[in-house]
Amino acid sequence: MKHPRQRNSICLEDAEILSHQAYPGNQHILRLLAPRCAARARPGQFVHLTVDPQRPMRRPISIMRACADDGWIELLYKRVGEGTTLLAARAVGECLSTLGPIGQPFRITEKRPLLIGGGVGMPPMVFVAESLKNSEHQPMVILGSETPFPFTPRPSGILLPGMPDGVIASMPLLDDWGIPCRLASRQQMPGVHQGYVTDLARHWLDTLEARTRQEIGLYACGPHPMLQAVVELAREFALPVQVSLEEFMACGVGGCAGCAVEVQTENGPAMQRVCVDGPVFDGYQVF
């Protein structure tokens, strides 16, 4: 069952840029002072940004972290087109018109959530992990990238049985939180599994006892082929799965229906909007 639609919690803020860091692979991490959004944000939601005063069309970007106490949100994005190129040129101290948080969040129900993020789909998984770090849940994170990661991987201090030999690289932030994490890429990177995130996840799941596997649910965000592979993996092991879809969108608040996708419901196929009916869906309903 879905949460109520989030329109009543969406805020419009002129958010000041607190930091704006560039990383290899045209990747950027942007921290914005947006206290109203930060107080309401949930893992899986996104913001709709005006990237430049001369470009009225906003860009949707997933929230990677949110700190309600200090009033900031953090976003990871990749510079790929005109809009994100303009965004990359914005400097600390400038303000961005920010609409958010928008959309349905992840709903974590299993004791052992397996969080899988690929490319710019990594941010929601980091947000989910942070939200669970002091809970009774026991998350495990697998992140993948075909460009350099937007952080410096380091050998994990957390022992993780079931991993292939030599796969020890982790995201430092997750390691510091005490959350086990491993990395995958088809590029040659020290300590990183050479292959897809789903290959690494399958290897790990295969090593678990049946009773432990029954406590796992899959949660994923990334490119469509990756999400489809995650859902196929969930079917293979008969596990629940939620996915966050990424689609082009104009209004971002459900008015234009330009981001609609076909979803299988109890009453048959239906068109639902990624922005407000999603972006998080039951994976079996969309793949």
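Starting from 1, each residue takes its place in the sequence as its number.
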Tell me if the CZ atom of Phe149 is crowded by more than 12 foreign heavy atoms within 6.0 Å.
yes
Under 4.5 Å between side-chain heavy atoms, counting indirect links through other Ile/Leu/Val/Met/Phe/Trp/Tyr residues: same cluster for Val261 and Val241 or not?
yes
Do Pro113 and Leu132 make a side-chain contact, defined as non-hydrogen atoms from C-beta onward lying under 4.5 Å apart?
yes
Heavy atoms only: give me the nearest Gln27-Thr147 pair and the separation to one decimal.
NE2-OG1, 3.6 Å
Report the C-alpha separation of Leu205 and Leu239 in whole Å, then their side-chain angles, then the decisive distance to 0.1 Å, and conclude whether the side chain to side chain contact (heavy atoms under 4.5 Å, CB included) test is met.
CA-CA 11 Å; Leu205 288 168; Leu239 298 174; 4.2 Å; yes
Do Lys133 and Ile179 have side chains that get closer than 4.5 Å, going by heavy atoms?
yes
Are the charged groups of Glu136 and Lys111 less than 4.0 angstrom apart, N to O?
no
Are Val192 and Met125 connected, step by step, through hydrophobic side chains (Ile, Leu, Val, Met, Phe, Trp, Tyr) whose heavy atoms are closer than 4.5 Å?
yes
Within-4.5 Å side-chain heavy-atom neighbours: Met249 and Val274
yes
Steps toward side chain to side chain contact (heavy atoms under 4.5 Å, CB included) verdict (Glu215, Glu110):
CA-CA 6 Å; Glu215 299 176 333; Glu110 291 75 32; 6.0 Å; no
Stepwise, does the salt bridge (charged side-chain N to carboxylate O under 4.0 Å, His left out) test hold for Arg31 with Glu74?
CA-CA 4 Å; Arg31 181 174 288 192; Glu74 202 165 75; 2.8 Å; yes
Shortest non-hydrogen contact between Leu233 and Ala201, atoms and distance
CD2-CB, 3.7 Å
Indicate if Ile61 and Leu33 have the same hydrophobic cluster label, given that clusters are the connected sets of ILVMFWY residues with side-chain heavy-atom separations under 4.5 angstrom.
no
State the CD1-CG distance between Ile108 and Leu115, to the nearest 0.5 angstrom.
6.5 Å
Met57-Leu87 co-clustered via ILVMFWY side chain contacts under 4.5 Å
no
Stepwise, does the side chain to side chain contact (heavy atoms under 4.5 Å, CB included) test hold for Leu200 with Trp204?
CA-CA 6 Å; Leu200 186 57; Trp204 182 68; 5.9 Å; no
What heavy-atom pair brings Ala34 and Ala15 nearest, and what distance separates the two atoms?
CB-CB, 4.0 Å
Trace of the side chain to side chain contact (heavy atoms under 4.5 Å, CB included) decision for Met140 with Arg112:
CA-CA 7 Å; Met140 152 72 172; Arg112 301 175 185 270; over 6 Å; no
For residues 166-175, run the donor-acceptor check on the side chains, cut-off 3.5 Å, and write out each pair with its distance to 0.1 Å, sequence neighbours left out.
unit_1 : atom_1 : unit_2 : atom_2 : d
Asp175 : OD1    : Ser156 : OG     : 2.6
Asp175 : OD2    : Gly157 : N      : 2.9

Can you name the closest pair of heavy atoms from Met226 and Thr198 and give their distance?
O-CG2, 4.5 Å
Do the side chains of Ile29 and Tyr23 get nearer than 4.5 Å, heavy atoms only?
yes
dist Leu245:CG -> Cys275:SG (nearest 0.5 Å) comes out at 11.5 Å
Flag, side chain of Ser62 to backbone of Phe46, donor-acceptor distance under 3.5 Å:
no
Any side-chain heavy atom of Met64 sitting closer than 4.5 Å to one from Pro124?
no
Distance col, row Leu49:CG vs Leu75:CG, nearest 0.5 angstrom, shows 6.0 Å
Given 3.5 Å as the limit, does a donor-acceptor pair link the side chain of Arg213 with the main chain of Leu208, or not?
yes
Would you say that Pro164 contacts His193 through its side chain, given a criterion of any heavy-atom pair below 4.5 Å between the two side chains?
yes
What class does the angle between the rings of Tyr77 and His20 fall in, given that below 30° is parallel, 30 to 60° is tilted and above 60° is perpendicular?
tilted
Check: Tyr284 side chain, Ala234 main-chain N or O, donor-acceptor pair, under 3.5 Å:
yes
I'd like to know if the side chain of Gln242 reaches the main chain of Gly283, judged simply by a donor and an acceptor atom lying under 3.5 Å from each other, with no hydrogens or angles considered.
no
Which heavy-atom pair separates Ser244 from Phe106 by the least distance, and what is that distance?
CB-CZ, 3.7 Å
Quiz: residues 96-103 side-chain donor-acceptor pairs under 3.5 angstrom, not counting sequence neighbours:
unit_1 : atom_1 : unit_2 : atom_2 : d
Ser97  : OG     : Arg58  : NH1    : 3.4
Ser97  : OG     : Arg58  : NH2    : 2.8
Thr98  : OG1    : Leu96  : O      : 3.0

Is it possible for you to say whether Val47 and Ile17 belong to one hydrophobic cluster, with membership spreading through side-chain heavy-atom contacts below 4.5 Å?
yes
Counting only N and O atoms by type, is there a donor-acceptor contact under 3.5 Å from the side chain of Glu146 to the main-chain atoms of Arg186?
yes
In Å and rounded to the nearest 0.5 Å, what is the CE to CD1 distance from Met163 to Ile142?
5.0 Å
Nearest-0.5 Å distance, CD of residue Gln272 to CD of residue Gln264
10.5 Å
Is Glu130 reaching over with its side chain to a backbone N or O of Phe127, donor-acceptor style, under 3.5 angstrom?
no
Pairwise side-chain contact, Leu143 with Cys181, heavy-atom cut-off 4.5 Å (strictly under):
yes
Given 3.5 Å as the limit, does a donor-acceptor pair link the side chain of Arg273 with the main chain of Gly254, or not?
yes
Side-chain donor/acceptor of His48 to backbone N/O of Cys251, under 3.5 Å:
yes
Give me the atom names and distance for the closest heavy-atom approach of Ile63 to Ala41.
CD1-CB, 3.8 Å
Flag the pair Glu16 / Glu94 as yes when at least one side-chain heavy-atom distance between them is below 4.5 Å, and no otherwise.
no
Examine distances only and state if a side-chain atom of Arg40 and a backbone atom of Arg36 form a donor-acceptor pair shorter than 3.5 Å.
yes
Taking the side chain from Asp70 and the backbone from Trp72, do they hold a donor-acceptor pair closer than 3.5 Å?
no
